[in-house]
Amino acid sequence: MIVTIRKKENISTRDFVYESLKNRITELELKPGLKISEQEIASELNVSRTPVREAFLKLSQEDLLGIYPQIGTIVSLIDLELVEEARFVRENMEKAVVKEACQVFKQEQLFKLESNIAMQELCLKNQSCHQLLELDDQFHRLLFEGCNKLRTWKMIRKMNSHFDRLRVLRLESNLEWDMLVSQHKDIFHFIKEKKTNEAEKLIGIHLNLVNFEKEELKKTYPDYFR
């Protein structure tokens with residue numbers, strides 16, 4: 001299924017193509033190992049081949065595409081070493097962030113987290129996995145934003161693409177949906193009650209869930225992994 005993303009007026013064609021492709025790769029619409037072409041993507045997005053070529057190059061630098069002479073351009077397989085590196089960075093950064101959140105979060109930041117969790121529970125009830133994934137991202141972003149560390153969050157996001165594809169597989173496989181939301185709720189309560197040690201410990205456990213699931217996912221989707 002092709003998802004059409006409309007071009008925003010304030011975004012360049014190059015950035016539009018890049019963001020569209022990155023979203024489609026991250027959300028597994030473009031499957032790992034799939035061969036794609038500049039002409040095909042240019043036609044689908046109704047753009048010239050030049051911004052597609054530029055987007056391909058940028059995505060290859062992010063290890064999301066492989067460009068091979070005589071073969072073509074292929075969506076990269078999920079690399080578990082890159083997943084682990086991204087997880088390691090996130091765990092250590094987020095432990096520091098929740099520690100700070102326990103000290104600095106005011107009612108406004110707590111309300112945003114609580115509202116996010118309420119939406120997560122609704123998605124859980126309706127089994128809306130992609131919306132739940134977006135809310136999961138937003139929950140963690142709110143932790144950084146509330147501590148005035150939004151630039152740090154954006155830096156982390158840049159190295160999270162392989163990690164994100166694994167998260168999509170987790171949700172589509174119905175792995176630990178309940179646990180995901182339950183841990184978010186507990187993290188929120190620990191921050192609200194200023195229980196620093198408990199919040200740090202749980203965020204570590206939370207971000208280690210992927211380690212318990214990746215081998216099962218690799219067995220289920222063997223063609224998706226390097």
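Keep in mind it's a predicted model, so treat the numbers as computed, not measured.
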Taking salt bridge (Lys or Arg N to Asp or Glu O under 4.0 Å) as the test, write out the residues that go with [X], two or more places apart.
X: K214; value: none
X: E108; value: K112
X: R167; value: D136, D137, D164
X: E121; value: K185

Can you name the nearest heavy-atom pair linking [X] to [Y], along with the distance?
X: Q109; Y: G146; result: CG-CA, 3.8 Å
X: L21; Y: L30; result: CD2-CD1, 4.0 Å
X: F163; Y: R90; result: CE2-NH1, 3.7 Å
X: V75; Y: R165; result: CG1-NH1, 3.7 Å
X: K95; Y: G204; result: CE-CA, 4.0 Å
X: F188; Y: L110; result: CE1-O, 3.3 Å

Say whether, by atom type as modelled, one donor and one acceptor occur between the side chain of [X] and the main chain of [Y] under 3.5 angstrom.
X: S182; Y: D178; answer: no
X: S12; Y: D15; answer: yes
X: K31; Y: L28; answer: yes
X: S76; Y: D63; answer: yes
X: E27; Y: R24; answer: no
X: N46; Y: A42; answer: no
X: S60; Y: L57; answer: yes
X: H162; Y: D79; answer: yes
X: K149; Y: C147; answer: yes

So for atom [atom1], which belongs to [X], do other residues, nucleotides or ligands contribute more than 12 heavy atoms lying within a distance under 6.0 Å?
X: Q138; atom1: CD; answer: yes
X: K154; atom1: NZ; answer: no
X: R53; atom1: CZ; answer: yes

Do we see a donor-acceptor contact under 3.5 Å between the side chains of [X] and [Y]?
X: E19; Y: N23; result: no
X: Y18; Y: E62; result: yes
X: Q103; Y: T196; result: yes

So do [Y] and [X] actually touch side chain to side chain, heavy atoms under 4.5 Å?
X: K99; Y: I203; result: no
X: L143; Y: L113; result: yes
X: L202; Y: V98; result: no
X: M159; Y: L82; result: no
X: K22; Y: S161; result: yes

At what distance, to the nearest 0.5 angstrom, does [atom1] of [X] lie from [atom2] of [Y]?
X: R49; Y: F56; atom1: CZ; atom2: CZ; value: 9.0 Å
X: D223; Y: I78; atom1: CG; atom2: CD1; value: 11.5 Å
X: E200; Y: F190; atom1: CD; atom2: CZ; value: 12.0 Å

task: Given side-chain contact (heavy atoms from CB on, under 4.5 Å), test Y224 with L166 step by step and report yes or no.
output: CA-CA 10 Å; Y224 285 7; L166 201 67; over 6 Å; no
task: Kindly say whether the aromatic ring centers of H189 and H184 come within a distance under 6.0 Å.
output: no
- prompt: What's the verdict on side-chain hydrogen bond (donor to acceptor under 3.5 Å, both in side chains) for E54 and T50, showing C-alpha distance, side-chain angles and the deciding distance?
  reply: CA-CA 6 Å; E54 292 172 343; T50 299; over 6 Å; no
Within one Ile-Leu-Val-Met-Phe-Trp-Tyr cluster: M179 and I205, side-chain cutoff 4.5 Å: no
task: Identify whether the distance between the nearest side-chain nitrogen and carboxylate oxygen of E198 and K201 falls below 4.0 Å.
output: no
- prompt: Hydrophobic cluster mates of L135, side-chain heavy atoms under 4.5 angstrom, ILVMFWY only, any path?
  reply: M119
- prompt: Which hydrophobic side chains are connected to I71, either touching it within the sub-4.5 Å cutoff or through other members that do?
  reply: Y68, I74
message: Between L65 and I25, does the side-chain contact (heavy atoms from CB on, under 4.5 Å) criterion hold? Intermediate values first, please.
response: CA-CA 9 Å; L65 289 179; I25 293 169; 3.9 Å; yes
Worked check of side-chain contact (heavy atoms from CB on, under 4.5 Å) between M93 and F144: CA-CA 9 Å; M93 291 289 191; F144 284 81; 4.3 Å; yes
task: Decide salt bridge (charged side-chain N to carboxylate O under 4.0 Å, His left out) for E81 and R226; before the verdict, give the C-alpha distance in whole Å, the side-chain angles of both, and the deciding distance to 0.1 Å.
output: CA-CA 9 Å; E81 288 188 3; R226 184 174 296 174; over 6 Å; no
side-chain contact (heavy atoms from CB on, under 4.5 Å) evaluation trace for F139 with I187: CA-CA 10 Å; F139 177 86; I187 290 166; 4.1 Å; yes
task: Show your reasoning for whether salt bridge (charged side-chain N to carboxylate O under 4.0 Å, His left out) applies to K219 and E216.
output: CA-CA 5 Å; K219 290 178 184 177; E216 182 176 345; over 6 Å; no
